[in-house]
Structure formats: structure tokens, C-alpha cells
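Just so it is clear: chains get the letters A, B, ... in the order the sequence lines come, proteins before strands, and each one is counted from 1.
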Amino acid sequence: MTEFGTDLLDRTDTTLDVPWEVILWDDPVSLISLVVRVIKQVFNYDTAKAERLTMQVHHEGRSVVWSGDKETASAYCVALHSYALGATIQRSQ
Amino acid sequence: MSEPFRRVADRIIVDIPLTLREWLANAARKTAGDALDVSTSTHLRLLGPIDPTVDHDDPLTQLQRQMTVEGSLGRFITTHLDEHLSEDDAEEWIRAFQLILAAFSAEHAIVTAEDRDNLSQEDHYDMITLQSGISLLIEALDS
């Protein structure tokens, strides 16, 4: 199989396996510092990425904070809920 | 004036008045009760389905989430009179305060910043108390 073919197959498989997103929703009572801390902890993101996502939630009302397989998306969502953050999962648009 | 929460080695020293501890413990008990009552806004806020296109989470996820809520609030209730906390317990206090704050938000139908800003003075004070507790605990835990 050519490298091109392998790449294409991998990409196709990934598309099929990765149809879910974790959405974090804005809420007017949770502190920004708490949200940044939880995002860092749950997803192991660096501070800059956690702050960028938090500010996106704050200004736009929501942010896709992770995408991948449904099982992992559910686990991440449950972890965000353990800090009472408003999070849902949905199929990728 | 001493800080309400401060780190000493691997412990978090708690220096808050008994009345505040009791107020928080009562709020935790109420949140735990309301979370299991499907007729409350708190239940929907804390245990509503993570996939909004379905009526319920799968049973395993439902159970896991219920145990997490009960676990954090229960741990706080058990330790609310303690004078020092392990790092794990301090983390559970943060979770418990967040759960109480979310229940408060659901009860008062706070959806927008305007809803929040229109709270009565007493409710605003309660919200600030919880937020301050979370902020100061994070500061102590991450120091």
C-alpha cells in the first residue's frame, strides 16, 4: 500500500471513530479561575489553552473543549460535571 | 486577620467560623437531597443527561454521576468541622462548594449575568460567600 493510501485510510478511519464533541457552556456564577483550573486538570491542557477555551466560553457562551470517541467524551463530560460545570456531548457538526 | 484557608506542608488549615461551617453543611445536605429529587431544578442542573438529545444517561453514567455528587457533598458534610484537611479533602470541598453554587444558581433561575446581578442583597451575599470559598481554597491548594 502506498503512503498516500495509508494516510487516506487512516484519515477515513479517524473520521468514523471521532464523531463526538464535549461542549462546555457558560454559566454566570462559576469563577473563571475555577473553570481554567478544571479544564487544565481534566484535559491536561496547558494554562494558555485552558485560558483561551475559558474565555471563549465566557464570551461566546460555549466552546468545544474536546473531540473524539463517544466513550471518552462521556468520561470527560462526567469529570466536568463533578465540578458542577455545564457540559454536554454532541455529534460533531 | 488570618486567612480562612492556608497550606502548611501537605495539609490545608481551615480557619472559618462555626456558623459558616454549619451554614455550608446545611446547604450541602439540601443540595444532596434536591439532586435526587427529579422534580427540582437542582436535579436537572446537576444530574440532567449529558447528551441533551436523549431523556436519560445510560444507567452506568447515571450511577457514576449520582455517586460523584453524593460523594463530594457527603465528604464535605463529614469533614465540615475539621480544622485541617488533606489535599484530597480540600479538593472535595471545592467540588462541594461548586455543587452548592450550581444548585443555588438553578434555584434562583440564574441563566444570564443580568439574572445574577438582579439577586437580592442577601442572595448576592450567599453567592459571593460560596465563590470566595472556592477562590480561597484554590489559592491555598495551588500554593
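When heavy atoms are compared at a cutoff of 4.5 Å, Thr61(B) approaches chain A solely by way of its side chain, counted from C-beta outward. Only the side chain of Arg116(B) comes within contact range of chain A, judged by heavy atoms closer than 4.5 Å. Only the side chain of Gln41(A) has a heavy atom closer than 4.5 Å to any heavy atom of chain B. The contact between Leu141(B) and chain A is made entirely by side chain atoms (from C-beta outward), counting heavy-atom distances below 4.5 Å. Only the side chain of Asp142(B) comes within contact range of chain A, with at least one heavy atom under 4.5 Å from a heavy atom of that chain.
Among the candidates Ile110(B), Leu130(B), Leu47(B), the residue making the largest number of heavy-atom pairs closer than 4.5 Å to chain A is Ile110(B). Your options are Asp117(B), Asp115(B), Val111(B), Asp58(B), and the one with the most heavy-atom pairs under 4.5 Å with chain A is Val111(B). If you tally non-hydrogen atom pairs under 4.5 Å between each of Ile134(B), Asp51(B), Thr68(B), Ile100(B) and chain A, the highest count goes to Asp51(B). For chain B, the option among Arg37(A), His81(A), Arg91(A) with the highest count of heavy-atom pairs below 4.5 Å is Arg37(A). Note: Arg65(B) leads Gln64(B), Arg65(B), Met127(B) in heavy-atom pairs under 4.5 Å with chain A.
Ring pair Phe43(A)/Tyr45(A) is parallel by interplanar angle, where below 30° counts as parallel and above 60° as perpendicular.
In this structure the side chain of Pro49(B) never reaches within 4.5 angstrom of the side chain of Asp55(B), judged on heavy atoms. Contact annotation: the side chain of Leu81(B) approaches that of Leu18(B) to within less than 4.5 Å [non-hydrogen atoms, C-beta and beyond]. With contacts defined as side-chain heavy-atom distances shorter than 4.5 Å, the pair Glu3(B)/Arg6(B) qualifies.
Ionic pairing of Glu70(B) and Arg75(B) is not present here: no N-O contact between side-chain nitrogen and carboxylate oxygen is shorter than 4.0 angstrom.
At most 12 non-hydrogen atoms from other residues, nucleotides or ligands lie less than 6.0 angstrom from CE of Met67(B). Environment of NE2 in His84(B): sparse, with no more than 12 heavy atoms of neighbouring residues, nucleotides or ligands closer than 6.0 Å.
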